[in-house]
Amino acid sequence: MSRKPGGFLQEASHQIAAGGSAGLVEICLMHPLDVVKTRFQIQRGKTDPTSYKSLGDSFRTIFRTEGLFGFYKGIFPPIMAETPKRAVKFFTFEQYKKLLGHASLSPGVTFAVAGLGSGLTEAVVVNPFEVVKVSLQAKRNAFTEQPSTFVQARQIITTEGLGFRGLNKGLTATLGRHGVFNMVYFGFYFNVKNIIPVNEEPTLEFLRKFGIGLVSGTIASIINIPFDVAKSRIQGPQPEPGEIKYRTCFKTMATVYKEEGCQMSVEQQNTSQLKSLLAVSAYSYTLRMIAEVSGFIQRIGSQNHETWPRWCSDAFGL
C-alpha cells in the first residue's frame with residue numbers, strides 16, 4: 001500500500017512531537033534523581049571525604065547546602081537534546097528494523113540489534129550535552145553561583161576543545177550505555193509483549209504494556225550501570241586537578257573494579273531502579289495522553305492521522 005504524499009513527514013513530525021513531549025515531562029520529574037545518581041557515581045568509595053552516607057543523606061545534604069534548585073543543576077542540556085534524541089532514537093530504530101528485515105534473523109534478534117543500532121546513533125547526538133550536564137551536576141556550590149549552560153559549554157570548548165578530551169569526551173562509554181540499554185530494552189520489551197496475551201480491556205492492556213516496559217527498563221538500567229559509571233567518571237571532575245585518571249571506557253571500568261570492587265552501592269542501585277520506575281510511569285502515562293488526544297483529533301475529521309495512535313501504542317508501549 002503506497003504512502004500518501006506528505007505521510008512520511010507527518011509521521012516523522014508526530015514521532016518528534018510525541019517523544020519530545022513525553023521526554024520533557026520525564027526530564028522535569030526525574031532530574032533530581034539524575035543529579036543524585038551522578039553524585040554517587042563520581043564519588044570514589046567511602047574514603048571520599050565528600051561522599052554521601054545514604055540516599056536520604058544525599059537528598060538532605062544537597063537541599064541544605066545547595067537549595068531546592070540544586071536538584072535541577074544541569075537540566076537545560078538534556079532539555080535541549082530531548083527532541084533530537086527521541087527523534088533519532090525511534091526513527092533509526094524503525095529504519096534499522098526494516099533494514100534487518102532483509103536478513104534471516106529471528107524477530108527477537110532483529111529487535112535487539114535494531115535497538116543496539118538506534119542506541120549507538122542516539123549516543124553520538126547526546127554525548128556533548130551529557131558532558132555539559134555532568135560537569136554542572138558535579139559542582140556542589142549554590143545554584144545561583146553556578147555558570148549557565150552556555151558559559152559552561154564555552155568554557156569546556158575553550159579549555160579542552162571539541163574532541164575526545166573536550167566536548168566529546170566519554171563518547172565510548174556513552175555509546176556503551178545507550179547501545180546496551182536500547183538493545184536490552186527493545187529486545188526484551190517486544191519479545192515479551194508478543195508472548196503475553198493481549199487483553200481486550202483497555203486499562204488492563206495498558207497495565208500489561210506498562211508492566212513489560214517497567215521490567216524492561218529496570219533490567220536495562222542495571223545491566224548498563226558499568227558504562228554509566230565509567231561515563232560519569234570520565235566526564236566528571238578528575239580526582240587530581242591537572243591529571244586525567246579516567247580517560248577511556250574500559251580502562252576506567254578496570255580502575256574502578258581494582259580500587260572499589262564490582263559491587264555497586266545499594267544507594268546507586270536503588271537510585272537507578274527508582275529512576276527507571278518513575279521514568280517509565282511518567283513516560284508511558286504522558287504518551288498515552290498524547291495518543292488519546294490524537295485519537296480525538298482523528299475522530300473529529302483529521303483522517304490523515306489514522307496511523308498516529310497506533311504508532312504511539314507500538315513504539316512506546318501504550
Side-chain angles (χ1 to χ4, degrees), residues 11-12 14-16 18-20 22-23 26 30 81-127 173-198 205-228 231 272-273 275-288 290-291 307-318:
E11 183 176 345
H14 289 154
Q15 294 175 8
I16 294 172
E26 175 191 336
M30 296 302 103
E82 187 59 32
T83 297
K85 168 187 170 182
R86 298 294 178 183
V88 167
K89 179 174 183 174
F90 290 102
F91 178 76
T92 56
F93 175 73
E94 291 298 322
Q95 300 311 308
Y96 287 131
K97 191 170 66 172
K98 291 177 183 178
L99 183 64
L100 291 167
H102 300 290
S104 300
L105 298 174
S106 65
V109 175
T110 298
F111 286 128
V113 176
L116 174 63
S118 69
L120 296 176
T121 310
E122 174 192 11
V124 176
V125 175
V126 304
N127 192 65
T174 305
L175 288 168
R177 184 181 80 154
H178 287 263
V180 169
F181 181 90
N182 287 351
M183 178 179 68
V184 175
Y185 181 86
F186 283 116
F188 186 91
Y189 177 82
F190 283 104
N191 281 284
V192 174
K193 192 183 78 166
N194 292 333
I195 294 174
I196 300 177
V198 176
E205 175 62 12
F206 170 77
L207 292 175
R208 179 185 78 96
K209 292 182 177 179
F210 169 77
I212 299 172
L214 176 60
V215 174
S216 304
T218 301
I219 294 174
S221 295
I222 293 175
I223 292 176
N224 83 341
I225 278 180
F227 290 100
D228 201 17
K231 170 188 162 300
S272 297
Q273 292 176 343
K275 185 171 181 278
S276 175
L277 169 63
L278 297 178
V280 171
S281 302
Y283 202 66
S284 299
Y285 185 75
T286 304
L287 280 161
R288 187 187 187 190
I290 293 173
T307 61
W308 169 230
R310 184 177 68 252
W311 186 89
C312 279
S313 177
D314 292 340
F316 296 99
L318 303 186

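None of the values given here were measured: they were computed from a predicted structure.
Scanning both residues, G115 and S118, for their nearest heavy atoms gives O-OG, 2.9 Å. Considering all non-hydrogen atoms of both residues, G117 and T121 come closest at O-OG1, 2.8 Å. In this structure, A114 and K97 approach most closely via the heavy-atom pair CB-N, 3.8 Å. Of all heavy-atom pairs spanning L100 and T110, the tightest one is CD1-O, 3.6 Å. Of all heavy-atom pairs between V125 and P84, the closest is CG1-CB, 4.3 Å.
Evaluation of the ring pair (Phe, Tyr, Trp, His ring centres under 6.0 Å) rule for F227 yields no partner, not counting sequence neighbours. Listed by chain and residue number, nothing satisfies the ring pair (Phe, Tyr, Trp, His ring centres under 6.0 Å) test with F188 (two or more places apart in sequence, or in another chain). For N127, the side-chain contact (heavy atoms from CB on, under 4.5 Å) partners at least two apart in sequence or on another chain are V131, N168, L171, T174, Q235.
One finds the NZ atom of K231 at 12.0 Å from the CG atom of L175 (value rounded to the nearest 0.5 Å). Interatomic distance, K89 NZ to N182 CG, rounded to the nearest 0.5 Å: 4.5 Å. Distance check, rounded to the nearest 0.5 Å: CG of N191 to CZ of F186 gives 12.5 Å. To the nearest 0.5 Å, atom CG of residue L214 and atom OH of residue Y189 are 12.0 Å apart. One finds the CG atom of N224 at 7.0 Å from the CZ atom of R177 (value rounded to the nearest 0.5 Å).
Ring pair F93/Y185: centre-to-centre distance not below 6.0 Å.
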Does the side-chain contact (heavy atoms from CB on, under 4.5 Å) test come out yes or no for R208 and I212, once each step is laid out? CA-CA 6 Å; R208 179 185 78 96; I212 299 172; 4.1 Å; yes
Go through it in stages, so that I can follow the logic: the residues are K98 and E94, the test is salt bridge (charged side-chain N to carboxylate O under 4.0 Å, His left out), and I'd like the CA-CA distance, side-chain angles, deciding distance and then a yes or no. CA-CA 6 Å; K98 291 177 183 178; E94 291 298 322; 5.8 Å; no
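At least one side-chain heavy atom of L116 sits less than 4.5 Å from a side-chain heavy atom of L120.
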